[in-house]
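Note sheet for the following structure.
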Amino acid sequence: MTRYVYDFREGDRGKADLLGGKGANLAEMTRLGLPVPPGFTVGTDACRAYLADGSVPAGLFDEVNDHLREIEARLDRRLGDRFEPLLLAVRSGGRYSMPGMMETILDIGLNDSTVTGLARISGDERFAWDSYRRLIQMFGRTVHGVPAEEFDRELDALRATAGADGPTAEQLRGLVETYKKVFADRVGHDFPQAPHEQLYLAIRAVFESWNAARAVLYRRREHIPDDLGTAVNVMAMVFGNRGPDSGTGVAFTRDPATGAPGVYGDYLADAQGEDVVAGVRNTVGLDDLARIDPASYRRLTGIMATLERHYRDLCDVEFTIEQGRLWMLQTRVGKRTPAAAFVIAAQLADEGLISWDEALTRVTGAQLAQLMFPAFDSDAVGEPLAVGVGASPGAAAGRVVFDSAAATAADGPVILVRRETSPDDLPGMIAAAGILTARGGKTSHAAVVARGMGRTCVCGAEALEVDAERGELRVGGATVRAGDVISIDGTTGRVYLGEVPVRPSPVTRYLAGELAPESDRLVAAVDRLLRHADAVRRLGVRANADTAADAARARALGAAGVGLCRTEHMFLGARRALVERLILADGPDEVAAALAELLPLQREDFVTILAAMDGLPVTIRLLDPPLHEFLPPLPELSARVARAEALGQDPGRDAVLLAAVRRMQESNPMLGLRGVRLGLVVPGLFAMQVRAVAEAAACRVAEGGDPRPEIMVPLVVDVRELAAVRAEVATVLAGVPGAPSIPVGTMVETPRAALTAGPIAGQAEFFSLGTNDLTQTTWAFSRDDGEGSFLGEYLDRGIVETSPFETLDAAGVGRLVRLAVTEGRAARPELTVGVCGEHGGDPESVEFFAGAGLDYVSCSPYRVPIARLAAGRAAVARACADSDAR
Ligand code: ADP
Ligand code: MG
Ligand code: MG
């Protein structure tokens, strides 16, 4: 026969899958000899069976009764006994803590006759009737869904008429009668008097609460599986509401907000746990408990020290003092802020409680990312002007500008305000302190680009009417003009009028070299943990950088090279005209002339980047996007030409451009003439870029530098494409004297490239996995289209758990990654393999890449420290898991 029920003395903290977190930790405390009221746990498998069959598994209540009898014997009290009644708490608790989501029912066992027994053994009639009314209310709400207000209304009415000392026993007895009426009216039958029936119904209600709407929602948000089920903990009641020498509280072994050492908590005298949550009265700090009841305080802090040493981590506890006697009702490894996570991990390692390897597993790259954002001074914020989507976290204040040119021209911080952004806004987005749009969500152009740059961004603030022509922004009745100051919070999506003071992150200041590591506790902890990550990690971290400034910043943040230098950004701005000339060129001579003009500009770009990354590899990608991206958009051109024609003017160059755009238009540009295909069909384009790289390197060598460029060919699907480009590259390189040897490699960003990685490696000295395109081509939807329309619903409906563009899809794209690594290295053992998609800065993906045996990840400069930390974690995670299991 299956067994479902376990006494607290049988379990331990290793059994959280079966006993739930709360049950496993109650068992652990029992094992440690701490004062836990006796009890037992109904395992999660009983809940799963109940939810599957819709009925309580056979034999479950018999087992419950057996365990109950044991508690009765130990305490010498019986459930339902009118002289010596035992009362029970019935508490939910699944594998993962879901605070406030699930149900607890206290005081099970009270009825019209046991209430008098409770009054007698406690010598306190008021307490007994108060407990009874609590039970009716909790039971009514939890088992039958009677709204708490229906009871509270009666309680408030009584309180209003009661004297200064609160309601008398007689009045509370009357309140119980009223509650029973409310119960019967709402539920359709009387409050159950049989204590065992109360217990069974309560257990069932806890099972049911697993599927309550709020619990389902919470699990979805926290990525907790729906099929785990909850355990049910049944334990003897202890009473914190038995006068001034009783009370209840919660405490932490360290400050969960800052990580500062020293116990920290709240206490409420003469109260039960639910009073604390309900905020009936104000709690006092633990220091006050030290004064009110020094013996219990000493006992409590002693226990907390034991727990922290035992769990080797910050613990939180729930406790109750019943007439001077301390009882432990719950403990767990406590939740904490990102700052506290770093501080506590470093402290515990310093104290010798954990190793530095383990300390590294206690912090995540995502937490570090949060610590790097500036924040509004929380005391200074007022009413928001509008609320949009918090698309890229951080806080920024600045003068409103409505276009890219104004943003780049301004001195002092500006907020770029657009209805929505396009690639043309890039210079403005780079120049602005923050970006605000009226349209689009978390995955709009503005959001994606802003996150990539680490720029604060609020999107889709739909209340805003952006009128760029008139240089104003209307919201409600108010008008904000260009030059007015606004503040945006990219975490909450709030937009404020005026300047809200922003506090820069000390961690970012430290990373930028502006703060010494020892300047504060948090910074010291981050420094120590990052250094440890660097010492243990095997995965290299490079940065994606297209400019010398970005390269220098990345280097300061610990990047060991540039993993992706995109060259398309170098063709924008003033150089767009040259690209237009190239596109419109008529015959090889004009093409050559256009390329010749681009060559020195391109060479200069590379010289500065190679100088910034002197001595470290710089992987330069040959031109990737379709050429028409450098021409004006079709609707704009057609309109200009039509207008000119209507006015009887000669549209001139516009007409030529329009013809070119029409000629080059593609139904699916992403799958069209771009990448290596472009290099093969536009003669001389790649050759010019390669020559620029080689000449730049030669120039750096002449200057005494140590340039290490690498040439990367994008979007290869067949080895013959790469072979053709390589032949051209070799010819060009041979013609540049003084250049160092320059490796040539390829992006692996299509399924076919991954599937034929072996032959491709025969032509490639390195692979760089372009996981953005690899994800798009594997999932067969583009990032913009997916995120712009159905992906949100997929997330809501749980079809996907996270966007595959944020965290690498290990099951699908991940297999292609592994294939490329294995077959590529089989063909060429010394093949270097890196990643240059945005996934390279996502901590979870970084851990995957480390496991897949990659040599390095490349990410945006400001994510470099995050990737360093994640790579360190990945290196020690396995070792720590092994030692935990022992
Ligand atoms: P949650 O998971 O929401 O914290 P709990 O199961 O911990 O729910 O119960 C809520 C409150 O009920 C606790 O804070 C505690 O004060 C009170 N409680 C739980 N068990 C007992 C008990 N055996 N005796 C008295 N009060 C209890
Ligand atoms: Mg609860
Ligand atoms: Mg609790």
Side-chain angles (χ1 to χ4, degrees), residues 8 16 19-27 29-30 34-42 68 71 74-75 77 79 85-110 118 122 127 130-131 134-135 137-139 141-142 148 199 202-203 205-207 209-210 212 214-215 218 224 230-242 246-252 256 265-281 283 300 315-323 325-335:
F8 288 168
L19 304 176
K22 197 181 288 171
N25 288 320
L26 282 165
M29 286 199 291
T30 305
L34 303 183
V36 176
F40 55 84
T41 303
V42 179
L68 180 58
I71 300 180
R74 280 167 68 192
L75 295 178
R77 287 189 184 171
L79 188 68
L86 170 68
L87 301 190
L88 296 172
V90 176
R91 315 167 64 188
S92 58
R95 172 72 182 81
Y96 301 104
S97 128
M98 297 168 46
M101 292 300 128
M102 309 269 299
E103 302 295 357
T104 295
I105 305 178
L106 304 180
D107 300 316
I108 291 281
L110 278 175
L118 181 63
S122 65
F127 155 72
D130 188 54
S131 300
R134 285 170 189 264
L135 170 64
Q137 169 159 2
M138 270 197 178
F139 193 93
R141 188 174 56 73
T142 306
L199 174 61
I203 292 174
V206 171
F207 288 162
S209 71
W210 178 257
R214 60 182 174 176
Y218 181 88
I224 299 173
T230 182
V232 188
N233 302 292
V234 178
M235 63 196 297
M237 281 294 295
V238 291
F239 300 99
N241 53 340
R242 290 192 56 187
S246 302
T248 189
V250 294
F252 298 85
D266 297 314
Y267 180 71
L268 190 58
D270 197 9
Q272 291 256 64
E274 75 262 27
D275 300 331
V276 180
V277 186
V280 180
R281 274 175 287 141
T283 56
L300 176 67
C315 294
D316 63 31
V317 299
E318 292 178 6
F319 64 94
T320 283
I321 299 171
E322 178 173 347
Q323 302 194 305
R325 177 146 185 215
L326 175 68
W327 294 99
M328 302 307 292
L329 298 182
Q330 184 173 320
T331 190
R332 69 186 156 200
V333 168
K335 300 214 154 117

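Remember, it's a predicted structure, so these values are computed and weren't measured experimentally. Order of appearance sets the numbers: ligands from 1, and atoms from 1 within every ligand. Numbering starts at 1 and runs along the sequence shown.
Our summary of the site lists the angle at the Mg ion (ligand 3) between OE1 of E318 and OE1 of Q330 as 80°, to the nearest 10 degrees.
The closest donor-acceptor contact from the side chain of T248 to the backbone of Q272 lies at 3.5 Å or more, if one exists at all. When atom types are taken as modelled, the side chain of K22 and the backbone of Q330 share no donor-acceptor pair closer than 3.5 angstrom. Within the 3.5 Å criterion, the main-chain N or O of S122 finds a donor-acceptor partner in the side chain of R242. Side chain of T331 to main chain of D316: a donor-acceptor pair is present (N/O by atom type, distance under 3.5 Å, no hydrogens or angles).
Contact annotation: for E318 versus ligand 1, heavy atoms closer than 4.0 Å belong to the side chain alone. Contact annotation: for N233 versus ligand 1, there are no heavy atoms closer than 4.0 Å.
Using a cut-off of 2.8 Å, one finds that T104 contributes no N/O/S atom close to the Mg ion (ligand 3).
Counting atoms of ligand 1 from 1 in the listed order, those under 4.0 Å from a heavy atom of A89 are 20 (N), 21 (C), 22 (C), 23 (N).
Listed by chain and number, the residues in a salt bridge (Lys or Arg N to Asp or Glu O under 4.0 Å) with D130 are R133, R134 (sequence neighbours excluded). R77 is linked by a side chain to side chain contact (heavy atoms under 4.5 Å, CB included) to E84, L86, I121, counting only residues two or more places apart in sequence or in another chain.
Taking any N or O of K22, backbone or side chain, at least one lies under 3.5 Å from an N or O belonging to ligand 1.
Not a single heavy atom of M98 sits less than 4.0 Å from an atom of ligand 1.
When the heavy atoms of V238, V250, T248 are ranked by distance to atom 24 (N) of ligand 1, first place goes to V238. Of the listed residues (S92, A236, A271, G240), the one carrying the non-hydrogen atom nearest atom 23 (N) of ligand 1 is A236.
Taking all atoms of both residues into account, the shortest heavy-atom contact from V206 to T230 is O-CG2, 3.7 Å.
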